[in-house]
Structure formats: C-alpha cells, structure tokens
Amino acid sequence: MSGAISPALPSVAAPVPRAGGARGAKRVLPGFGLTLGYTLLYLSLIVLIPLSALVFKTFTLSWEQFWAAVSSPRVMASYRLTFGASFLAAVVNLFAGLLVAWVLVRYKFPGKKIVDALVDLPFALPTAVAGISLTALLAGNGWIGQFLEPYGIKVAFTPAGVVIALIFIGLPFVVRTVQPVLEDAEKELEEAATCLGATRWQTFSRVILPSIMPALLTGFAMAFARAIGEYGSVIFIAGNMPMVSEITPLIIIGKLEQYDYAGATAVALVMLVISFALLLVINGLQGWQRRRSGGMS
Amino acid sequence: MSGAATKVVRRAKAGTTESAWVRRLLIGGALAFMFLFLVLPLAAVATEALRKGLEAYVEALKEPDAWAAIRLTLITAAIAVPLNLVFGVAAAWAIAKFEFRGKAFLTTLVDLPFAVSPVVAGLIYVLVFGAQGWIGPWLAAHDIKIIFAVPGIVLATVFVTFPFIARELIPLMQAQGTEEEQAAIVLGASGWQTFWHVTLPNIKWGLLYGVILCNARAMGEFGAVSVVSGHIRGQTNTMPLHVEVLYNEYQSVAAFAVASLLAILALVTLVIKSVIEWRHEREMKAIAELPPERPLSAAPV
C-alpha cells in the first residue's frame with residue numbers, strides 16, 4: 001500500500017498469457033509450484049500466523065472487557081488526536097503534494113532534478129531522525145520555534161507538532177501518485193478547451209482536475225493510512241501528555257509496558273481493522289485509476 | 001500557414017501554460033514548502049550534531065554503545081534484506097508469470113504489512129514469542145530468547161520491510177510478459193538458466209531499486225523494533241533506538257551524531273535511487289528510438 005513507494009518504474013499492466021488456465025494446456029515455464037509454495041509458506045510464517053495471534057488473543061477477553069479497553073476516555077482521546085491529526089496532515093499534503101507534482105511536471109527551473117529526488121526523503125529518512133530534527137526546529141529555541149514563540153504559538157510538544165510530523169511523513173504519497181498521471185495527461189485536451197474559449201482556471205478545474213482526481217484521492221488515502229500508524233516521528237515532538245497529545249500507537253506501547261497484553265491487543269485490533277478498511281479503499285481507488293487511464297488511451 | 005491559423009495555434013499553446021508570474025508563484029510556493037519540510041530538518045541534524053565541534057561529534061560516534069548499535073543495525077539489515085529478496089523474487093515469479101485463482105487476493109496480502117502500524121507489527125511477535133505468548137513457555141524451557149533479543153528485532157524488521165521488493169518486481173515482471181522465458185525454455189534452457197540469463201537482466205534495475213528501499217527501511221525502522229527490543233544498551237539497541245535513548249538522556253550532540261549517520265544513509269539511498277531511475281529512463285528512451293520492426297504480415301488493403 002505505501003504503494004506506491006514511488007511508482008517510479010512505470011508499470012504497464014500487460015495481459016499475462018494463461019499458462020495453466022485451459023484444461024490440458026501444459027505450463028511451459030517451470031517453478032510455479034516451488035515459488036507459489038514458498039510465497040505462501042513465508043507469507044504465513046511472517047505475516048498471517050502472527051497477525052492471527054492478535055485476533056485470538058482478543059478472544060480471551062469478554063465483550064465487556066474488550067469494550068472497556070478500547071473505549072476508555074484516555075483511549076478515545078488518542079483516537080481523536082490520531083485520526084484528526086492524520087486527516088489534517090493528509091489534507092495539507094493533498095494541496096501541497098498537488099502543487100509540488102504540478103511544478104515538477106509542468107515547469108522547468110534550476111535544480112529540478114534534485115528537488116524531484118528530495119521528495120522521497122521521508123521514505124528514506126528513519127522516522128526517529130525526522131522526529132528529533134523536527135522537534136529541534138520547532139522547540140522554543142529552535143530555528144523556526146524562536147520566531148513563533150513571541151506570538152505565543154507553541155508547536156513542539158502540542159497536537160500541532162503531531163500534525164507537522166505527519167505532514168512530513170505523508171509528503172511523498174500524493175506527489176508520487178499524481179506525478180505520473182500528470183505526465184501522461186494529454187495536452188491536446190487542454191488545447192481544445194482553450195480553443196473552445198475556456199480560461200486557464202476553467203481548463204484546470206474542468207479538464208485536468210477530474211482526470212487526476214483518482215490519483216489525488218489515492219495519494220490522500222495512502223498518506224492518511226500511513227499517518228494513522230506512524231509512531232517514530234510523532235513521539236518525539238508530541239509531548240505525549242495523556243488526553244492531550246498521546247497518539248493511539250503510544251497507548252498500545254503504554255499498555256504493553258504495564259504488562260496489560262490483552263488491553264494492548266484490543267486497541268491494536270481496532271487499529272488493524274481500520275488499516276484493513278483503508279487498504280480496501282486504496283485498492284478500490286487504484287482500480288478506479290486504472291479504469292480511468294485505460295478508458296482514455 | 002495563414003495569419004489567423006497561427007494566432008489560434010499560439011493561443012492554444014498559451015492556453016496550456018500559465019502566465020509568467022503565476023508560474024513563478026507556484027514554483028516559489030512548492031520550493032518554499034520543500035525547503036521548510038525537507039531541507040531544514042536535514043540541516044538541523046547536521047548543525048545539532050556539530051554544535052560542540054567536530055571532536056565531540058567523533059567522540060560520540062566512537063562510544064562503544066554507539067558501535068554496538070551500528071553493528072546490530074548492519075546485522076539486522078544483512079539478514080532481513082536477503083530474506084525479503086528471495087521472497088520478493090519467488091512471489092513475483094509466481095504472481096507475474098502464471099495465472100491462478102486468488103491471485104489478486106494474494107497480491108493484496110503481500111501488501112498487508114504496509115497497512116499495519118509498526119507498533120502493531122511489533123506487538124504480534126510479542127504475542128507469539130513473548131513470555132505470555134503462544135510458544136513463549138516452550139522457548140523459555142529450551143532457553144531460546146526471541147523477544148528482547150536479536151531474533152525478535154530481525155523478525156520485526158522482516159515484517160515491516162516484507163513487501164518492498166515483491167511489490168517493485170510484480171508490476172515490472174507482469175509488464176514484461178512471459179514470451180522471452182518461454183522461448184528460452186523451448187530452446188532447451190533449464191529453469192535456473194532462464195531465470196539467470198533472461199529474467200534477471202530484465203529486472204535488474206527494479207530489483208536493485210527494491211533492495212535499496214528495503215535496506216533503508218530495515219536500517220531505519222523504529223516503532224516495530226522498539227516494541228520487541230527491550231532497549232538493552234549495547235545489546236539490543238539498533239541505531240534508531242540508540243538515538244532515542246541518547247535523546248531522552250539529554251545527550252543531544254550524541255543523539256544527533258548517530259542520527260546524522262542515518263541521515264547520510266538516507267541521502268545515499270536517494271542518490272542511488274535517482275541514478276537507477278535516470279538509467280532506466282535512458283534505457284526506455286533508447287528502446288523508443290529504435291527503428292520500428294517491419295510487421296510480419298502486410299496490412300490488409
């Protein structure tokens with residue numbers, strides 16, 4: 001799903017010849033059994049069996065215990081912060097990402113290749129490093145924080161800091177999903193719109209925007225999904241005050257440190273279900289994207 | 001071309017871009033955003049690390065605990081990346097070269113670890129291998145330590161970097177189809193020969209791309225590793241965890257010194273990644289510029 005960890009190497013979905021579909025047809029290529037078997041074994045050992053442990057552990061709780069664990073006021077406050085901050089950050093990334101993608105695709109300027117490469121920094125920079133350096137920048141004596149402090153604006157160690165960290169983490173998603181679609185967009189459509197008397201803004205909002213909408217929403221959903229689970233960069237800048245600036249993943253860690261395994265598991269299950277739902281949404285959006293681009297060419 | 005037509009063309013061309021000042025405004029906005037969110041944090045790491053001079057920086061990196069953390073990080077990546085490389089190639093071969101039922105579902109399952117919060121990823125291994133876990137008592141009876149020890153760190157890292165190589169290779173190998181491999185097999189090559197001499201040269205850039213992204217994440221993972229590590233200084237602290245420990249002890253220079261190594265790793269990753277992309281682009285262009293092959297059969301009149 002992070003999918004798109006930059007879909008830089010273009011993938012053209014080519015139809016794969018049906019090797020073994022038709023009855024009686026022999027597979028020419030070897031290794032199907034071996035590779036599929038290994039894939040399923042490795043997937044089960046690393047991912048599926050450990051994940052199922054989460055579900056089974058939750059079953060050791062009664063419904064009342066489960067509900068109490070996932071709906072205590074402190075946990076509810078953490079949901080509000082995690083989802084609210086993730087949504088805000090994804091919205092900022094929606095606009096900023098579109099702007100960066102647009103500038104990178106449509107305009108020429110010095111240093112463009114470096115800027116393009118730098119977009120992926122949040123994928124490559126360990127989250128803990130991002131966390132401490134953003135905190136250093138935004139703390140009261142930091143490069144940026146010192147200009148905000150006189151106005152009474154506090155970013156580090158407040159929910160605002162959480163949003164900043166999540167903007168950093170989600171930045172590449174929108175850029176990298178929108179960029180290839182903008183590159184493939186047909187200029188003829190825009191020329192036609194202009195010849196028919198549309199202003200530039202009309203062309204953008206009625207011709208360009210609808211064609212990149214699926215990619216834009218996919219990037220938004222990916223940034224949102226990533227932000228919900230994010231831990232490393234946030235805990236340094238958040239201040240981690242219960243009820244105020246404590247994110248849900250930190251609640252899980254806190255319960256684990258108190259040996260409340262069942263409680264930690266219950267909250268983790270809630271997060272897992274939400275992640276799966278988002279994964280399905282993203283898959284749906286990507287399908288829409290493929291149909292859209294398939295229909296145009 | 002008549003004057004009127006030229007005018008229309010010019011108007012159409014002008015209609016596909018913005019006036020100069022809008023252009024400058026947009027470029028300026030994008031660059032300002034990138035500067036604030038990407039360049040400044042990198043610069044902050046460098047300045048904070050060198051705040052007390054180069055000597056303090058080098059001293060911080062010479063510390064035995066820092067060395068232990070660097071070693072553990074390298075060991076973890078050296079195990080996790082090859083494991084996921086073998087898996088990625090196997091999964092891509094099965095998914096891209098063959099048709100079978102449930103393929104779309106399997107592809108989604110491969111992506112699953114990306115959707116799981118790193119903290120949850122760490123937690124599930126605690127539930128399986130921890131003292132209270134499924135096989136925890138058995139492990140304790142046989143004196144095998146997985147949680148709060150190196151094997152747990154490796155497992156958590158394998159989980160969070162699980163899809164990187166597979167998801168880079170699957171679309172690439174799907175796009176290339178199976179014709180070249182089928183030709184090799186028909187001409188008498190064995191399965192391994194076909195893979196080494198036909199498939200591998202075709203996917204080498206995608207493979208390398210997946211490997212360096214996988215490696216960057218493996219060395220930088222924090223959340224999942226933090227849950228299973230137990231934070232034993234000099235033993236189960238990876239570099240990112242060591243950064244946290246130092247930072248929480250208010251050893252700012254030392255924390256940023258170790259962090260600077262990770263930032264350098266990130267920059268090297270970006271450089272290699274960009275070089276791969278440019279090479280790939282050039283190869284694609286070279287292919288596009290080849291003269292078209294003559295069609296086998298004449299087009300119907």
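In what follows, chains are A, B, ... by sequence order, proteins preceding strands, each numbered from 1.
- Residues B:V227 and A:I252 have side chains not in contact (no heavy-atom distance under 4.5 Å, counting atoms from C-beta outward).
- With contacts defined as side-chain heavy-atom distances shorter than 4.5 Å, the pair A:I167/B:F33 qualifies.
- Side chain of A:S133 to backbone of B:L42: no donor-acceptor contact under 3.5 angstrom is found.
- Side-chain contact between A:V47 and B:L109: absent, with no pair of heavy atoms (C-beta onward) separated by less than 4.5 Å.
- When side chains are defined from C-beta on, B:V126 counts as touching A:Y261, because their heavy atoms get closer than 4.5 Å.
- Side chain of A:Y38 to main chain of B:A91: no donor-acceptor pair is present (N/O by atom type, distance under 3.5 Å, no hydrogens or angles).
- Heavy atoms of A:V119 lying under 4.5 Å from chain B belong to its backbone as well as its side chain.
- Between B:W134 and A:F56, the ring planes lie tilted relative to each other; the angle falls in the 30° to 60° range.
- If you take OH on B:Y125 and CD1 on A:I46, they are separated by 4.5 Å, rounding to the nearest 0.5 Å.
- Ring-plane geometry between B:F162 and A:Y42 is classed as parallel, the angle between the planes falling under 30 degrees on a 0 to 90 degree scale with a further cut at 60.
- A:L125 places none of its side-chain heavy atoms less than 4.5 Å from the side chain of B:L38.
- Taking 4.5 Å as the limit, some side-chain heavy atom of A:I235 sits within range of a side-chain heavy atom of B:E244.
- Contact of B:E48 with chain A is made through the side chain alone, with heavy-atom distances under 4.5 Å.
- Using a 4.5 Å heavy-atom threshold, the side chains of A:L36 and B:L106 count as touching.
- Within the 4.5 Å cutoff, no side-chain heavy atoms of A:S275 are placed close to those of B:V116.
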